[in-house]
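The structure appears below as structure tokens.
All of these numbers come straight from a predicted model, not from anything done at the bench. In each ligand, atom 1 is the first atom listed, and ligand 1 is the first ligand listed.
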Amino acid sequence: MEAMTPSSTRWAAIPKDVAALRVRPNLVDYDAERAAFSWEEARRALDGLPGRGLNIAHEAVDRHAAGPLADREALRFVRADGTTRSLTYRVLAREAARFANVLAALGVEPGERVYSLLGRTPELYAAVLGTLKHGAVFCPLFSAFGPEPVRQRLQIGSGRVLVTTRAFHRRKVAPIRDELPALRHVLLVDADGAPDPGTLDLAALLADASDTAPTAHTGPEDMALLHFTSGTTGRPKGAIHVHDAVTAHYATGRFALDLHPDDVYWCTADPGWVTGTSYGIIAPLVHGVTAIVDEEEMDAERWYRILEEQRVSVWYTAPTALRMLMKAGAERATGHDLSALRFVASVGEPLNPEVVVWGEEAFGLPVHDNWWQTETGGIMISNYPAMEIRPGSMGRPLPGIEAAVVARDETGAPVIGDDGHAVLCEADATGELALRPGWPSMFRGYLDEDERYRRCFAGGWYLTGDLARRDADGYFWFVGRGDDVIKSSGHLIGPFEVESCLMEHEAVAEAAAIGVPDPVAGEVVKAFVELKPGHEPSDALRLELIGFARKRLGAAVAPRLLDFAAALPKTRSGKILRRLLKARELGLPEGDTSTLEAGR
Ligand code: ATP
Ligand code: MG
């Protein structure tokens, strides 16, 4: 089946002048850096433990707390009123040690699972690091989950300890506690001396605990983190990560986020998801920078104020947030002093070329897309500060990462050659995005789903489930998730392509495209469009948008049908749930909606 050429190639490349950048990037010569790179070498930049031991908490805080960075701000929390409170590396290390001692006192064994169900409060960060220091496994839950997703995830991971608040406990945990025999301890961060029945007062336990603790002698292959996927394509999977992941967090923080020692860095992702843990906690701390944590929810004005007032230099965010800022208008940004900002990156969903370019207007900097997933544990493909950006492209693989596009047969299965190796696509042809296994942050399994894990590998590659093409220069272009791709009259149409085109229309704030059955074409494209303020749904606007897309994409690819939506259904991690739009459109069961954002 022939894939259509994405219109994104119509956007001019954004050249980079290294001499004009305010800070010399960590990665200037891509090819040379790739040739010289080895994971062994990257590991040497870390401290390590005696023997061949490795522990994420040691790399992230303890070694800084024992050195010249001890009094540097590690985490700076921004409260609702804009005031801040900070934890230095020294203090964070002490808090983590206290938490590790609490786990020891409770008899928690290495490898056992400690969960959190918390907002972005200091206790959460101390719990993550203290758990890792103790050698137990940390699993963050998104704080807005209801009782059912909480139950599901605690059960799959046999959670032994849960750290949460009184309100969350009452609403979300107490009703399901009977179904969780493995859950021995529920620790309340706000018990205030009077814990609820069946819970313990964490503050009291911490107050009694020593602020030094031994670091568990974990090895690189010991399990460290359990992260559930976003549930965009179905039931969320629990991906297992090991302590060696920190090697990748370090290397990707260096190359893809360009972290330098004096950076003030802000990752807007919630630590309930893999991005918020890997890049909101571990990567910045390993680099010894100051990480901003916003205690509130997203709001355009607030975000611009944080960028300005906290003098953020490196900003890592997501397309859904950037599109929301776009909706609020670029002039909102220009009213703020964003002169400290030098690098903006995005992840989580395809980044429309429109948004990349809009960044230049709003921040004076283009947005740098990068790609990865829960399973990869770290950034795999990225746009770098010193490298030309091709808007709409995810960029090129990190040093140490080999990526390819594997050919698929009619059923969507990878084509395996006679030699047992997967057959790779020619340049610009669409296939499944694949990675050569062996990088340190690669998941080591789906908890309790061995068969599902095994099915991810074929012909020498890890298959990502995403469709992409690679151009002749090695830039990768996202086409769509395997499940979301639309097959119309012999063409493969990626929803991203259609959505990005609609986004170019001045009335459109956000768009989603799905395939709906058609007796002639097999499927035709249907688009759902959320309008910017000041635009109202009408038949005339519907026709205009369809005409607009047709002119740019051609009749074969443009949506045949178009509906207006007040809000598109999204996961709580901000991803458009196309499968849900499709199920609703076709009157089918909605499937697993445990991560669906409320009211969508
Ligand atoms: P599930 O696996 O449960 O269906 P999910 O795949 O959305 O959920 P995550 O691991 O959080 O869960 O998200 C990773 C996916 O997000 C990628 O496989 C890809 O589909 C999408 N994604 C992430 N970054 C990008 C990007 N820069 N461009 C396009 N897609 C992206
Ligand atoms: Mg996935």
Q. Does a donor on one side chain and an acceptor on the other come within less than 3.5 Å for Thr233 and Asp483?
A.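 There is no such pair (donor and acceptor under 3.5 Å, judged by atom type) between the side chains of Thr233 and Asp483.
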**Q.** Close-range residues for ligand 1, whose non-hydrogen atoms fall below the 4.0 Å threshold
**A.**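 Residue list for ligand 1: Thr229, Ser230, Gly231, Thr232, Thr233, Lys237, Val347, Gly348, Glu349, Pro350, Asp369, Asn370, Trp371, Trp372, Gln373, Thr374, Met394, Asp466, Phe478, Arg481, Lys575.
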Q) Which is it for Phe255 and Tyr384 under the ring pair (Phe, Tyr, Trp, His ring centres under 6.0 Å) test, yes or no, and what are the steps along the way? A) CA-CA 7 Å; Phe255 293 129; Tyr384 309 92; 7.6 Å; no
For residues 267-274, run the donor-acceptor check on the side chains, cut-off 3.5 Å, and write out each pair with its distance to 0.1 Å, sequence neighbours left out.
unit_1 : atom_1 : unit_2 : atom_2 : d
Thr268 : OG1    : Thr317 : OG1    : 2.9
Asp270 : OD1    : Gly272 : N      : 2.7
Asp270 : OD2    : Arg120 : NH1    : 2.6

Q.
Using the rule side chain to side chain donor-acceptor pair (under 3.5 Å), only one of Glu597, Glu349, Lys570 pairs with Thr320; which is it?
A.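 The single option meeting the side chain to side chain donor-acceptor pair (under 3.5 Å) with Thr320 is Lys570.
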**Q.** Phe228 six-ring face occupied by Arg153 cation (under 6.0 Å, within 45°)
**A.**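 So Arg153 does make the cation-pi contact.
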Q. Is any side-chain heavy atom of Lys575 closer than 4.5 Å to a side-chain heavy atom of Arg481?
A.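 A side-chain contact exists here, since the closest heavy-atom pair is under 4.5 Å.
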